[in-house]
2 protein chains.
Amino acid sequence: MCSRCNYREILERAGLEATPGRLRVLEVVGGHPAPLSAADIHRTVNRTGRLDRVTVYRILDRLVREKILQELSLGGRRRLYGMAPSEHHPPHPHFRCARCGAVQCLPPGGVRVDLGGVRRVFAGEIREVEVRLEGLCANCLSRA
Amino acid sequence: MCSRCNYREILERAGLEATPGRLRVLEVVGGHPAPLSAADIHRTVNRTGRLDRVTVYRILDRLVREKILQELSLGGRRRLYGMAPSEHHPPHPHFRCARCGAVQCLPPGGVRVDLGGVRRVFAGEIREVEVRLEGLCANCLSRA
DNA sequence: TCGGCGCCTGCAACTATGTTGCATAAGGGG
DNA sequence: CCCCTTATGCAACATAGTTGCAGGCGCCGA
């Protein structure tokens, strides 16, 4: 659990009831150092009580819609979920190991992206930028 | 089809037989201005002949392994495929419209990424950088 | 207090996407 | 001519996510 986040308050500020299911999902996601899949979250939450698979999906959808969580697409088939950028959770890039598939959050601020050229030629409106790195993680490097 | 690419030659340089299926898949992907899903490719290829769904998946896997195609993860459930970066196909960022889901390739060079900070603290080996933008496409903006 | 309404959850069935195992066909080398 | 490899097809399966519907619970107004 992120020590600086009050999940109940976050939910209520978004106009959502702070149900046990939602609180447990938030605790699992906020307390994990890397983004998790719906299946991971379902498994973890069900170690301490039960919450249906479908309910987990619905909670995740809702929390993403309210921008409490963010959904990441990092290769592989599964969508991953992490805390959305906010005061306590600055945006940061993600790394995925091409060998073992593990995903890590990288420190915020380590990557600078300059969109100048794109903003000049692109007719749409850019709202979010996601940076994804791929390569070999330290673990796989040492075992190579 | 990309006028500067000789698909037969690309396949043979990678040590792959230039079979009709592979050539057709390459023509479809190389000739489309945005990345395509396996289902899109299967559908398109089957307008001019037939190629099994499974064969399309296997061809895509193979071409990705040989770095002829690249696989993109752009949200949504499907993996998308485009030409891998090469002499004729410089790496470029991708944009996905949050409203209609359409994916576009953005001009290469429009985005500059500085990894300095990450390379100093990250213990693994970074091989690829993917930049994904999200927002509203011109079409959805005008209809909003 | 009652009845209705909305929200959350569970369950079953379903869809979409991707994968595996096994059979067949084509081509090359002994 | 036989065997091996490679590409393809087909059926079955696996995984991830979605939909429809019903039950429970709290809240609000009558």
Side-chain angles (χ1 to χ4, degrees), chain A residues 7-8 10-29 35-46 48-66 68-81 96 101 103, chain B residues 7-8 10-29 35-46 48-66 68-81 96 101 103:
Chain A
Y7 297 128
R8 184 174 297 275
I10 289 175
L11 288 170
E12 282 164 3
R13 257 191 283 132
L16 298 184
E17 284 178 41
T19 64
R22 288 176 181 162
L23 288 169
R24 285 201 287 149
V25 166
L26 275 177
E27 276 161 18
V28 168
V29 175
L36 293 168
S37 69
D40 293 335
I41 295 166
H42 181 237
R43 203 176 318 114
T44 307
V45 159
N46 276 267
T48 63
R50 60 153 295 146
L51 199 60
D52 193 78
R53 202 170 67 88
V54 176
T55 303
V56 170
Y57 280 113
R58 287 199 271 233
I59 289 175
L60 291 172
D61 284 352
R62 198 71 209 282
L63 297 183
V64 168
R65 270 215 307 290
E66 302 296 341
I68 295 171
L69 296 184
Q70 71 176 157
E71 189 182 298
L72 301 167
S73 18
L74 285 145
R77 287 203 282 201
R78 304 135 89 98
R79 306 181 191 178
L80 300 182
Y81 297 86
R96 180 185 150 95
V103 170
Chain B
Y7 296 128
R8 183 175 297 276
I10 288 175
L11 288 170
E12 282 163 2
R13 256 191 284 133
L16 298 184
E17 284 179 41
T19 64
R22 288 175 181 162
L23 288 168
R24 285 201 287 149
V25 166
L26 275 177
E27 276 160 17
V28 168
V29 175
L36 293 168
S37 69
D40 294 333
I41 295 166
H42 181 237
R43 203 175 320 112
T44 307
V45 158
N46 276 267
T48 63
R50 61 152 293 148
L51 198 59
D52 193 79
R53 203 170 67 88
V54 176
T55 304
V56 170
Y57 279 113
R58 286 200 271 234
I59 288 174
L60 291 172
D61 283 353
R62 198 72 207 281
L63 297 183
V64 168
R65 270 215 309 288
E66 302 296 341
I68 294 171
L69 297 183
Q70 69 176 157
E71 189 182 296
L72 302 168
S73 19
L74 285 147
R77 287 203 283 203
R78 305 136 89 99
R79 306 184 191 174
L80 300 182
Y81 297 87
R96 180 184 151 94
V103 170

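Below, chain A is the first sequence line, B the second, and so on; all start at residue 1.
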Could you check if a side-chain atom of A/I10 sits within less than 4.5 angstrom of a side-chain atom of A/L16, using non-hydrogen atoms only?
no
If I take atom CG in residue A/L11 and atom P in nucleotide C/dC7, what distance separates them, rounded to the nearest angstrom?
16 Å
Output all residues satisfying salt bridge (charged side-chain N to carboxylate O under 4.0 Å, His left out) with A/E66, sequence neighbours left out; order by chain, then residue number.
A/R62
So, is A/T55 near the phosphate of C/dG10, with a side-chain N or O under 4.0 Å from OP1 or OP2?
yes
Separation of atom CD1 in A/I59 from atom P in D/dT18, rounded to whole Å:
15 Å
Quick check on D/dT6: is either OP1 or OP2 less than 4.0 Å from any side-chain nitrogen or oxygen of B/T19?
no
Sequence neighbours left out, what passes side-chain hydrogen bond (donor to acceptor under 3.5 Å, both in side chains) with A/N46? Give chain and number order.
A/H42
Check: B/L63 and B/V29 side chains under 4.5 Å, non-hydrogen atoms:
no
Below 3.5 Å is the cut-off: list the nitrogen or oxygen pairs between protein and nucleotides 19-24 of chain C, distance only.
{"residue": "C/dT19", "atom": "O4", "partner": "B/R53", "partner atom": "NH2", "Å": "3.4"}
{"residue": "C/dG21", "atom": "O6", "partner": "B/R58", "partner atom": "NH1", "Å": "3.3"}

Check the distance between C/dT9's C1' and A/H42's NE2 and give it to me in whole angstrom.
12 Å
Touch class at under 4.0 angstrom, heavy-atom based, for A/A39 against every strand present:
nothing
Whole-Å distance, A/L23 CG to C/dC8 C1', equals 13 Å
Please list, one pair per line, the donor and acceptor atoms closer than 3.5 Å that link side chains of residues 48-59 of chain A to other protein atoms, with sequence neighbours excluded.
{"residue": "A/T48", "atom": "OG1", "partner": "A/R24", "partner atom": "NH1", "Å": "3.4"}
{"residue": "A/T48", "atom": "OG1", "partner": "A/V45", "partner atom": "O", "Å": "3.2"}
{"residue": "A/D52", "atom": "OD2", "partner": "A/V54", "partner atom": "N", "Å": "2.9"}

Quick one: B/N46 CG to D/dT8 C1', roughly how many Å, whole number?
13 Å
In chain order, what residues pass the salt bridge (charged side-chain N to carboxylate O under 4.0 Å, His left out) check against A/R8, with sequence neighbours excluded?
none
When the side chains of residues 68-77 of chain B are checked against the rest of the protein, which donor-acceptor pairs come out under 3.5 Å, sequence neighbours left out?
{"residue": "B/S73", "atom": "OG", "partner": "A/G75", "partner atom": "N", "Å": "3.0"}
{"residue": "B/S73", "atom": "OG", "partner": "A/R132", "partner atom": "NH1", "Å": "2.3"}

Assert: residue with more 5' nearest nucleotide on DNA chain D, out of B/G21 and A/L80, is B/G21
Figure out the CZ/C1' separation between A/R65 and D/dT18, and round it to whole Å.
14 Å
Taking the side chain as every heavy atom from C-beta outward, state whether A/L60 and A/Y81 have any atom pair closer than 4.5 Å.
yes
Rounded to the nearest Å, what distance is computed from the CG atom of residue A/L60 to the P atom of nucleotide C/dC8?
14 Å
So which protein N/O to nucleotides 25-30 of chain C N/O distances come out below 3.5 Å?
none

B/R79: partners by side-chain hydrogen bond (donor to acceptor under 3.5 Å, both in side chains), with sequence neighbours left out:
none
From the options D/dG9, C/dC8, C/dT9, select the nucleotide whose nearest atom is closest to the side chain of A/R62.
C/dC8
Rounded to whole Å, the CD-P distance (A/E66 to C/dC8) equals 10 Å
